[in-house]
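Here is the naming used below: chain letters follow the sequence lines, and residue numbers restart at 1 for every chain.
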Number of protein chains: 2
Amino acid sequence: MLAKSSTELVRQRNSALVLSALRRHGPLAHTELSDFTKLSSATVSVITADLERAQIIEKAEQQAASGRGRPRVLFSQRRDCGYLIVVVISSDAVQYSLVDYAGRLIDRFTEDRPQEVSGVGSFVASLRDALSRIVARSQLSRDKVLMISISSKGLVDASEPVLRWSPIFGRDEIDFAAVLRDEWPAKIILGNETLLVASALGRQEENRKGFDFRALAALSLGHSIGLGIVRRDDEGGHHISAPNFGHMMHVPGGGLCRCGARGCIEAYAGFYAMLRTAFDVPLDTIPAKFVPIAELDKIAASARHGGRRNQLAFRQAGLALGNGLSRVLSLHERMPIVITGPGVRYYDLLIEGIQEGLAESHVVRMEGMPELRVIVDEQTLVFEGHLNRALSIIDNDVVRRGASVVELRDQAV
Amino acid sequence: MLAKSSTELVRQRNSALVLSALRRHGPLAHTELSDFTKLSSATVSVITADLERAQIIEKAEQQAASGRGRPRVLFSQRRDCGYLIVVVISSDAVQYSLVDYAGRLIDRFTEDRPQEVSGVGSFVASLRDALSRIVARSQLSRDKVLMISISSKGLVDASEPVLRWSPIFGRDEIDFAAVLRDEWPAKIILGNETLLVASALGRQEENRKGFDFRALAALSLGHSIGLGIVRRDDEGGHHISAPNFGHMMHVPGGGLCRCGARGCIEAYAGFYAMLRTAFDVPLDTIPAKFVPIAELDKIAASARHGGRRNQLAFRQAGLALGNGLSRVLSLHERMPIVITGPGVRYYDLLIEGIQEGLAESHVVRMEGMPELRVIVDEQTLVFEGHLNRALSIIDNDVVRRGASVVELRDQAV
DNA sequence: CTAAATTTCTCGACTGTCGAGAAAAAAATC
DNA sequence: GATTTTTTTCTCGACAGTCGAGAAATTTAG
């Protein structure tokens, strides 16, 4: 059953609309807000006045008048309205970033994760410590931090910030909400890394191509394989999801995967899997935990000079990816695929297998080969995705807390 | 970018809420409407008055007063507000039903589809003819038909009523909107058959289990294999989709499928495929167009009495289904699977393979075996799904045409 | 016939959006 | 320098929508 609607909800939605226009286009004047949101000038006045009173946005400094007529006054987020901490967990390090409400980076540091003592307990301890440190360095009080946005590779719960499975901690689950609840009033969200990449790409795509954007998949190649899908619904919202692509079954009873199952896509297309094929190690060998990328570079170099066994490694990886992608396309609509992650450096060796793996399927025969694109810089996209997702959730929360606005208004009278 | 909100939209949404409560629970009194929708009594008064004025709902006959106090007056849809034609295309026949706005069946007939002359042209001609006939028999004018809801097996376009591929017409596409536009002012919608089954099951599930329903997959077994997925979003709406499951790749380069590709799930689990395995016919043999179910019954009987080759046919079909389902679960969340269609009569022979095919995968190892349920009566679900989908779209359209309401109000003054 | 119970309807208060026009403020013009 | 033009922002009144409270309607119980 759908929820009822009311005039307050209208205000909430339209306020959120104003904030999202500000996010998308930077500081905007009254008139521009009215243009972007299609709201009437009068409505924009009321909403901006409310938001200003609630200390969420502020009028920017008078800018140099650029034309004639009354000069514009720009609205922008109040940077001190609240803060966001972004935590990017990767296999060898954890990056912590402190960001203000306007999306500007204030502080950042990276902590190496020792390979040996990789228990969940010690990781959580260092997480707690680092989070304390990052607010201390900027002399912020904890309750000014509105959200902690965490990302990792692996399988993330759909509704709660729980890491179900990860290449780093395996089946040792981490419930970040439970871990941080007592120390941090902030909202905790967790996202699969490639999900965030997809989110960032979706935003870019919409800005670029306007309204013909429908859906897009991001495929991240590396030690593990990630997939993120972003789709635009009828009302213009973006739905993002992170399928468990790397561990989708490729060949029943096939090569042993890091996850303990057999025949996963990752067991053919992950870095360790390509190494395994190249060295002709039996497929049921327990996979190496970490593969120095230099190793793979050597294999790639050999393959590029005609080494058959090494070519085969990349070809099999490509086939696994192509077959898997064809299955994804069977279950969704046709969409462009953006390939990223450290593995794109072997794109020239993988592409043939990928295309062959795609070509055999019914969907591709019907609708043609999907558009394949390559983007090298994954890290920037991950961070962008964090900001997209976190700040837009914060905006919605902030707007929902209408009570505080009313409070302030009452005090003013 | 999201659309702006306004007070009219609030009214639209809440009117739709009232109509949907009426759909879900049958005729309701003022108080009950207020309870179900959580709208205040005053609001319900205004909305029902508007809808009554617009001749969309009506006050029912005074019912026998059941308690003391002022007796309730029940609101219900005006049956003559508009009509819906439901067209169910199956491999050997097409069923036409005429339904009024309250969802009551008025007329129904079935036309056999001759197997030999199965061109799109002759099919469209007989469709046109049958549609004309069904309104003529009830002496309805065509513009009272608000919607024609069509279903077929096969691949349906996501946004337009275009049949992209079907087991009946192959790659000969049918654009139902284009075909019927000149003769029918009605809105034309087309849905995959199993999508509608999923929709009906989703509705049932929500009514039964209340709010803990998250998602559900319907799997239809028969000559071809269909899958429908229904998911509840955060706001309580249902999203339904019909993946191209039957033609998802099972084994690269595997058995030849009716669609012309190789290795589709259907090429292992469709009726013709099971027959092929049972008779040990080479996998690249062009599949039989139609398989009399008595043939398969014989094979099943033999399998149940220990016939190894015949057992293998069902086992391989089960494996294909199980592997495919495991891939679906990898790409979505865990959800119960409801199996239906004529193939459920062989469920006892298939289940072992299905479970084995599921068991090997990462998701199932992680989250456990999904709940499997069997429902025999598929036809009823298909029709229910048609009504669900079509009538709720009609409700939304009717409510959106607020202009007419205003018009009528002006005339009344 | 009156009181109690129950449902429906109505009224005033409040919130929200919108269009039009007033007010503000800078550049252009005389 | 005063006036006009242009552009932007603000304000006011009209209108649409929801809500709570209580009045009105209508039946049963006693």
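- Out of D/dA24, D/dG17, C/dG19, the shortest distance to the side chain of B/E8 is found at D/dG17.
- Taking only side-chain atoms of B/S45, from C-beta outward, the nucleotide of D/dT18, D/dC10, C/dC9 with the closest atom is C/dC9.
- Although no hydrogens or angles enter the test, the distance criterion places a donor-acceptor pair under 3.5 Å between the side chain of B/T37 and the main chain of B/L39.
- Comment: A/D50 engages A/R11 in a salt bridge, judged by a side-chain N to carboxylate O separation of less than 4.0 angstrom.
- Backbone-only engagement by A/A29 is indicated by non-hydrogen atom pairs under 4.0 Å involving sugar-phosphate atoms exclusively.
- Atom P of nucleotide D/dT8 and atom CG of A/D35 are separated by 9 Å, given to the nearest angstrom.
- Ion pair B/E205/B/R232 not flagged as a salt bridge, since none of the NZ, NE, NH1 or NH2 atoms sits closer than 4.0 Å to an Asp/Glu carboxylate oxygen.
- Residues satisfying the side-chain contact (heavy atoms from CB on, under 4.5 Å) test with B/S41, not counting sequence neighbours, are B/H30.
- Note on residues 32-44 of chain B: pairs passing salt bridge (Lys or Arg N to Asp or Glu O under 4.0 Å), not counting sequence neighbours, are B/E32-B/R72.
- Heavy atoms of A/T31 sit under 4.0 angstrom from primed sugar atoms or phosphate atoms, though from no base atom.
- Side chain to side chain, A/D107 and A/Y83 fail the donor-acceptor criterion of an N or O pair below 3.5 Å.
- Residues A/E384 and A/Q204 bring a donor and an acceptor atom of their side chains to less than 3.5 Å of each other.
- Ring orientation note: the planes of A/H332 and B/H332 are tilted relative to one another, at an angle of 30° to 60°.
- When distances run from any side-chain atom of A/A42 to the nucleotides C/dT8, D/dC12, C/dT17, the shortest one goes to D/dC12.
- Minimum atom distance to the side chain of A/T7 is reached by C/dT15, of the listed D/dT8, D/dA25, C/dT15.
- Summarising the geometry, the separation between CG on B/L9 and P on D/dC15 is reported as 21 Å, rounded to the nearest angstrom.
- Whole-Å rounding puts the B/L39 CG to D/dG20 C1' distance at 14 Å.
- Taking the nucleotide of DNA chain D with the nearest heavy atom to each of A/S5 and A/F75, the more 5' of the two is matched to A/F75.
- The interatomic distance linking B/K59 (NZ) with C/dT7 (P) rounds to 16 Å, in whole Å.
- Residue A/V10 has its side chain nearest to C/dG16 when only C/dC9, C/dG19, C/dG16 are considered.
- Per the geometry, CG belonging to A/L17 stands 14 Å off C1' belonging to C/dT17, to the nearest Å.
- In this structure, of D/dC10, C/dA25, C/dT7, it is C/dT7 that holds the atom nearest to the side chain of B/R72.
- Within 3.5 Å, a donor on the side chain of A/S41 pairs with an acceptor on the base of D/dC10, or the reverse.
- Axis orientation changes by 30° from one end of the helix from C/dC1-D/dG30 to C/dC30-D/dG1 to the other, with each end axis drawn from 5 pairs and the value rounded to 10°.
- If you take CG of A/L51 and P of C/dG16, they are 12 Å apart, rounded to a whole angstrom.
- Dashed line: the shortest gap from a side-chain N or O of B/R11 to OP1 or OP2 of D/dT18 is under 4.0 Å.
- One interatomic measurement links the two molecules: NZ of A/K4 to P of C/dT15, which rounds to 16 Å at whole-angstrom precision.
- Looking at the side chain of B/R70, the nearest of the listed nucleotides C/dG16, C/dT7, C/dA25 is C/dT7.
- Between A/N14 and the phosphate of C/dT17, there is a side-chain N or O to OP1/OP2 separation shorter than 4.0 Å.
- The NE2-P distance, from A/H30 to C/dA24, rounds to 16 Å in whole Å.
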